[in-house]
Amino acid sequence: MDRRSFLTNMSAATVVSIAGAVTLSEKADALEEAMSIELDKRIALPSFCTIDPTPEAVAGDTRPYYQHEDPRIPEMPAAPTLADFYKLRFAPANHVLQSARLATVNGMNEKIILACLLHDICVSNFIRTDHGYWCAQMVKPYVDEEVSWAIEAHQALRFFPDTEVGYEYPDAYIRFFGADYKPEPYLVEAHAKAKKHRWYMTSRLITMNDLYSFEEGVVVEIDDFTDIIGRNFRQPKEGLGFDGSPVAHMWRSMIWPNNFL
Ligand SMILES: [Fe+2]
Ligand SMILES: [Fe+2]
C-alpha cells in the first residue's frame, strides 16, 4: 500500500485511534492495524479491470493480445440474444433472476417482472457505479419506456424508505456503507423528481422485489422467462451489439470485454 496516499486519505476513525495511542510504539501498532483494515476493504472495479491483462499463454496462440477471441471466457454466438448474455456473460445472475422470480410470486405484471430481471444486469460484468443509469441505457431501445425509466430511477429510490408501501432502507446498506451514509445530492434530487412521476410505483416495485440475499435452494433459469422476454423485449435480429443502435457498443463491450483497443 502507498503509505503517503493512505495517510492523506485516512478515515476519521483511524485518525482518532492513532491519536489516542499514548506511546510511539502504540501509535505504530494503531497505524499498522488501520492499514491492514484498509487493505481488506473491497474495491469495486469495473469488470474490465478485473480480467487479467496479461493472461497465461495458450499453446499455439501467438497473439500478443486477445483481441476479440479471449480463450478465458465463453465465445458468444454471432447474433447474441438477451438469453445468451445471461448464460454466457451474466451467469450465474442469481440476483436478477431471483428478483424476477419474487416479482412473479408476488403477482406483478410482466413489465415489472422484466424490469426486475434487467435492473442490475450491468453490475457483475460491466460496471457497478451508477448502475441504474447504465442498465437503463443499455436496454432502452428494446423495452417499453416505462421499464427503462423505472430501472434508471431505482438507482435513487433504493436509498429512500417509503413507509406508505412498506419499503425500508436496506439493512445491507448499513453494513456496506455505514450507518451515517447519506446519498449524494443528485440522488436526493432524482428521488424527489421520481416521487412525483406517474411511473413512480413501477420503480418502487423494483426496489421492493430487490433481493439482497439469495433464497437458499432456489434455482431460477433465464429460460423460465422466455415468454415474458419474447413479449416485452424487442430482440434485434442482428443480435445485441450488432444492430447499430446507440447502445450497441455497450453490448459489444460485454462480448469482448478485454479487447486491447
Ligand atoms: Fe440495483
Ligand atoms: Fe438489485
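Please read all numbers here as calculations on a predicted model, not as lab measurements. One-based numbering, in listed order, for ligands and for the atoms of each. Numbering starts at 1 and runs along the sequence shown.
Arg204 forms a cation-pi arrangement with Tyr167, by the criterion of a distance under 6.0 Å to the ring centre and an angle within 45° of the ring axis.
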Which pairs would a plain distance check flag for residues 115-123, meaning a side-chain donor or acceptor within less than 3.5 Å of a matching protein atom at least two apart in sequence or in another chain?
from	atom 1	to	atom 2	distance (Å)
His119	ND1	Cys116	O	2.7
His119	NE2	His95	NE2	3.2
His119	NE2	Asp210	OD1	2.9
Asp120	OD1	His131	NE2	2.9
Asp120	OD1	His154	NE2	3.2
Asp120	OD2	His95	NE2	2.8

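Through ILVMFWY side-chain contacts below 4.5 Å, Val219 is grouped with nothing and stands alone.
Closer than 2.8 Å to the Fe ion (ligand 2) sit the protein N, O or S atoms His95 NE2, His119 NE2, Asp120 OD2, Asp210 OD1.
In the hydrophobic cluster analysis, where Ile, Leu, Val, Met, Phe, Trp and Tyr join through side-chain heavy atoms closer than 4.5 angstrom, Leu205 is grouped apart from Trp149. At a threshold of 4.5 Å between side-chain heavy atoms, the hydrophobic network of Ile, Leu, Val, Met, Phe, Trp and Tyr places Leu102 and Leu114 in two separate groups.
Residue pairs meeting the salt bridge (charged side-chain N to carboxylate O under 4.0 Å, His left out) criterion with at least one member in residues 75-97, sequence neighbours excluded, are Lys87-Asp223.
Here His131 meets the criterion, with an N, O or S atom under 2.8 Å of the Fe ion (ligand 1).
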